[in-house]
Each structure stands twice: as C-alpha cells, then as structure tokens.
Amino acid sequence: MHAPLEWLALARGGLDRVADRREDERWLAGRWADPATRVLVVDRGRALVRDGERPELILLAPQAAPEGERYLLGVDDEQTAYFAVCGPLPAIEGARAAGLRGVGAVLGDRDSALLTQAVALANWHATHTHCPRCGAPTRPARAGYARVCSADGSEHFPRLDPAVIMLVRDEHDRLLLGRAPAWPEPMMSVLAGFVEPGESLEQAVAREVREEVGLAVGEIAYLGSQPWPLPQSLMLGFFCRTADGGRLRPDPAEIAEARWFTRPQLLRALEEKEIMLPGRVSIARQLIERWYGGPLPDSWEHR
C-alpha cells in the first residue's frame with residue numbers, strides 16, 4: 001500500500017463554501033455590503049500579491065473592487081465572507097500580478113485555496129458564455145456556480161476534465177520520465193493523459209502508458225488529487241509498475257523523449273542541468289519526490 005501524498009500545493013486549506021447560501025440573494029447582498037467582506041480580483045488567471053517572507057494575496061473591501069462578474073468563494077471560521085470578481089487588477093503600490101504556476105506553491109493555505117477556486121470559476125465562466133443547447137447567451141447564477149440560458153432557461157454547471165498522472169517504475173525501481181514535443185528541451189516529467197468516456201481511472205492509467213511509451217503496467221495505486229484549473233482539469237495521481245523489461249517505444253506525436261532514471265542518475269541530471277522538473281505547484285513534482293524519498297534540488301526548477 002502507498003500512503004497518500006501529504007502535501008499538494010493546490011489542494012490545501014479551503015473555506016466553508018456555504019452552498020446553501022448561493023441562492024439566498026438577501027444574504028449575498030448583505031455580505032457584499034459588509035466592509036469586513038474580502039474580495040479577490042482575478043484577471044486572466046492572475047491576482048495581485050504582495051511579497052514578503054511569504055507572498056500574500058491582496059484582498060479588497062467590496063467597495064474597492066472593480067466592476068465584473070462576482071463569485072462567492074465561501075466563509076472562514078470567523079464567518080468573514082470571501083468573493084472573487086473578474087475584472088482589471090487595480091494599481092496598488094508594492095503589488096505584482098501573479099498566477100498559480102508562479103505562487104500557488106508558496107502562498108499560505110488559505111490564499112492558495114482562494115486563488116485556485118477563483119481561477120477555476122473564472123476560467124469556466126469565460127468559456128461558457130453561450131448555451132451549448134441553443135447558442136443563446138448565458139448569465140451567471142447561484143453565486144457563480146451555474147449559468148442560465150437566456151432563451152430556454154436551462155442551467156449549466158461547472159465542468160472538470162479528469163486527468164490521470166502516473167509515475168511509472170520498472171522491476172529495478174527506476175523512474176520513467178518523458179518530454180512532450182511542445183515542451184522546452186530540458187523539461188521532463190511523469191506521464192499523464194485525460195480520462196476518456198466510459199473508462200475507469202485505472203484503465204486510463206494503463207491505456208495512456210501503453211499509448212505513450214508502449215509499456216504494459218500493473219500494481220496501479222492511487223496517491224492523491226489536486227485541481228489544476230489551467231484551464232479546468234482535476235489531476236489524479238498514481239504509482240504503477242511495469243514488468244516489460246524497460247524497452248520504451250515512444251509515440252512521437254505524444255513523447256519526444258523518454259528515459260529511465262535511478263535515484264543517483266536523477267540527482268546528477270538535475271545538478272548538471274541536463275533536465276528540468278515541474279515546479280512544486282504540480283502533483284508531478286510530489287509524485288517524483290515521493291519516489292525519490294525526499295526533496296530534490298530547486299536550482300533548476302521550472303518557473
């Protein structure tokens with residue numbers, strides 16, 4: 001048995017999402033009028049942060065927020081309400097714009113959860129402005145957790161694309177890393193792919209490994225998941241093992257390069273800058289470090 005991953009950058013913290021309040025217009029209006037309410041402004045996946053010992057999101061009072069679509073994020077233990085607004089980032093001295101890739105792993109638990117949730121909702125709304133049934137415009141509803149068609153009244157809810165991401169080991173406990181054709185040449189990571197209709201997660205793991213590098217795998221074990229709203233995925237992490245002898249047959253449309261690594265080989269490749277791994281914001285990095293047995297050098301981490 002494999003213990004679950006203990007830390008995932010975008011699966012931390014979180015508020016009480018108070019789903020029962022999403023259609024309570026009086027409660028929503030009251031919270032928006034409350035100067036204690038905090039608002040996170042997001043624009044094209046980015047929000048304002050202030051650097052310090054640890055970067056922090058800049059949260060505004062409602063009256064200071066720009067105009068834009070508004071989504072309820074939830075309430076904290078002190079019953080302070082948090083909203084997201086899609087709009088231009090205000091000019092604030094000492095602030096900079098940042099996205100999840102850049103700061104998702106270094107924000108505190110609350111701020112990482114706020115930014116992940118806000119970006120996920122904003123991305124979904126931006127791509128679902130029209131009804132998939134009739135093509136008419138839609139409008140936000142349920143405090144940001146639905147859209148309603150202006151013509152037929154049908155409701156549409158946020159969608160996620162489940163994707164499996166798997167660390168493949170061979171009979172010698174070597175790690176398999178690959179590079180997609182579109183990636184910069186030093187970058188390598190574990191394999192991943194989207195779950196297809198009518199397919200279990202385990203079936204998706206086996207299929208993707210077979211399609212991408214020609215290996216049959218077993219001993220498929222789930223380790224954890226985290227949202228990846230870039231734009232709308234949910235990443236589900238696995239370990240699996242192959243007994244195929246390690247002979248790789250990469251599909252060139254999917255994999256430009258694939259290599260096996262022992263632990264000393266991986267560390268040496270990182271130290272000599274032969275390869276570059278995903279940053280700590282990704283579940284891929286956590287899977288690799290779980291296999292390795294501890295943290296790996298950050299000096300050549302992709303940013």
Donor-acceptor pair, distance only, cut-off 3.5 Å: does the side chain of Asp109 make one with the backbone of Arg12?
no
Drop me the distance from Arg17's CZ to Arg22's CZ, to the nearest 0.5 angstrom.
7.0 Å
Is the CD atom of Glu185 crowded by more than 12 outside heavy atoms at less than 6.0 Å?
no
Trp7 and Gln286, any side-chain heavy atoms less than 4.5 Å apart:
yes
Set out, in order, the CA-CA distance, both residues' side-chain angles and the distance that settles ring pair (Phe, Tyr, Trp, His ring centres under 6.0 Å) for Tyr71 and His125, then state yes or no.
CA-CA 10 Å; Tyr71 318 132; His125 281 279; 4.4 Å; yes
Given side chains that start at C-beta, do those of Trp228 and Thr116 come closer than 4.5 Å, heavy atoms only?
no
Side chain to side chain contact (heavy atoms under 4.5 Å, CB included) between Leu223 and Ile283, intermediate numbers included:
CA-CA 10 Å; Leu223 272 76; Ile283 192 172; over 6 Å; no
Evaluate whether atom CG of Asp77 has more than 12 neighbouring non-hydrogen atoms of other residues, nucleotides or ligands under 6.0 angstrom away.
no
Leu48 side chain near Ile92 side chain, heavy-atom distance below 4.5 Å
yes
May I ask you to say whether Asp173 pairs ionically with Arg263, meaning some side-chain N is under 4.0 Å from a carboxylate O?
yes
Just wondering, more than 12 heavy atoms not from Phe157 lying within 6.0 Å of its CZ?
yes
For Ala113 and Gly14 the tightest heavy-atom approach is CB-N, 3.4 Å
Give a yes or no answer on whether the side chain of Arg142 reaches the backbone of Glu23 with a donor-acceptor pair at less than 3.5 Å.
no
Do the charged groups of Glu199 and Arg207 touch, with an N to O distance under 4.0 Å?
yes
Just checking, is any N or O donor in the side chain of Arg174 or Thr262 under 3.5 Å from an acceptor N or O on the other one?
no
My understanding is that only residues two or more places apart in sequence, or in another chain, count here; which of them pass side-chain contact (heavy atoms from CB on, under 4.5 Å) with Asp76?
Leu15, Glu78, Thr80, Tyr82
Min side-chain heavy-atom separation Val209-Val213 under 4.5 Å:
yes
CA sep, side-chain torsions, deciding dist, call: Leu115, Val119, side chain to side chain contact (heavy atoms under 4.5 Å, CB included):
CA-CA 6 Å; Leu115 185 56; Val119 169; 3.8 Å; yes
Does Leu40 reach the side chain of Val85, with side-chain heavy atoms less than 4.5 Å apart?
no
When you look at Arg268 and Glu274, which way does the side chain to side chain contact (heavy atoms under 4.5 Å, CB included) test go after all the steps?
CA-CA 8 Å; Arg268 183 168 60 252; Glu274 291 179 9; 5.6 Å; no
Is the charged tip of Arg70 near the ring of Trp32: under 6.0 Å from the six-membered ring centre and within 45° of its axis?
yes
Is the closest side-chain donor-acceptor distance between Asp161 and Gln232 under 3.5 Å?
yes
On a heavy-atom basis, which atom in Arg280 and which in Pro295 lie closest, and how many Å separate them?
NH2-CB, 4.3 Å
So, do Glu208 and Met166 sit near enough that their side-chain heavy atoms are less than 4.5 Å apart?
yes
Got Val49 and Arg96 here, is their nearest side-chain heavy-atom distance under 4.5 Å?
yes
If the threshold is 4.0 Å, N to carboxylate O, is there a salt bridge linking Asp24 and Arg21?
yes
Any Ser233 side-chain heavy atom under 4.5 Å of Phe194 side chain:
yes
Has the side chain of Arg38 got a donor or acceptor atom that lies under 3.5 Å from a matching backbone atom of Pro35?
yes
Under 3.5 Å donor-acceptor pairs involving side-chain atoms of residues 235-249, not counting sequence neighbours:
unit_1: Arg241; atom_1: NE; unit_2: Glu219; atom_2: OE1; d: 3.4
unit_1: Arg241; atom_1: NH1; unit_2: Asp170; atom_2: O; d: 3.0
unit_1: Thr242; atom_1: OG1; unit_2: Ala216; atom_2: O; d: 2.8
unit_1: Thr242; atom_1: OG1; unit_2: Asp244; atom_2: N; d: 3.1
unit_1: Asp244; atom_1: OD2; unit_2: Ala216; atom_2: N; d: 2.7
unit_1: Arg249; atom_1: NH2; unit_2: Gly214; atom_2: O; d: 2.1

Applying side chain to side chain contact (heavy atoms under 4.5 Å, CB included) to Arg54 and Val106, what does each step give before you reach the verdict?
CA-CA 7 Å; Arg54 163 175 275 177; Val106 294; 5.7 Å; no
Atom pair OG (Ser189) and CG (Leu167), whose distance is rounded to the nearest 0.5 Å
9.0 Å
Is the shortest side-chain N to carboxylate O distance from Glu69 to Arg139 below 4.0 Å?
no
Closest non-hydrogen atom pair between Ala84 and Leu73, with its separation
N-CG, 3.9 Å
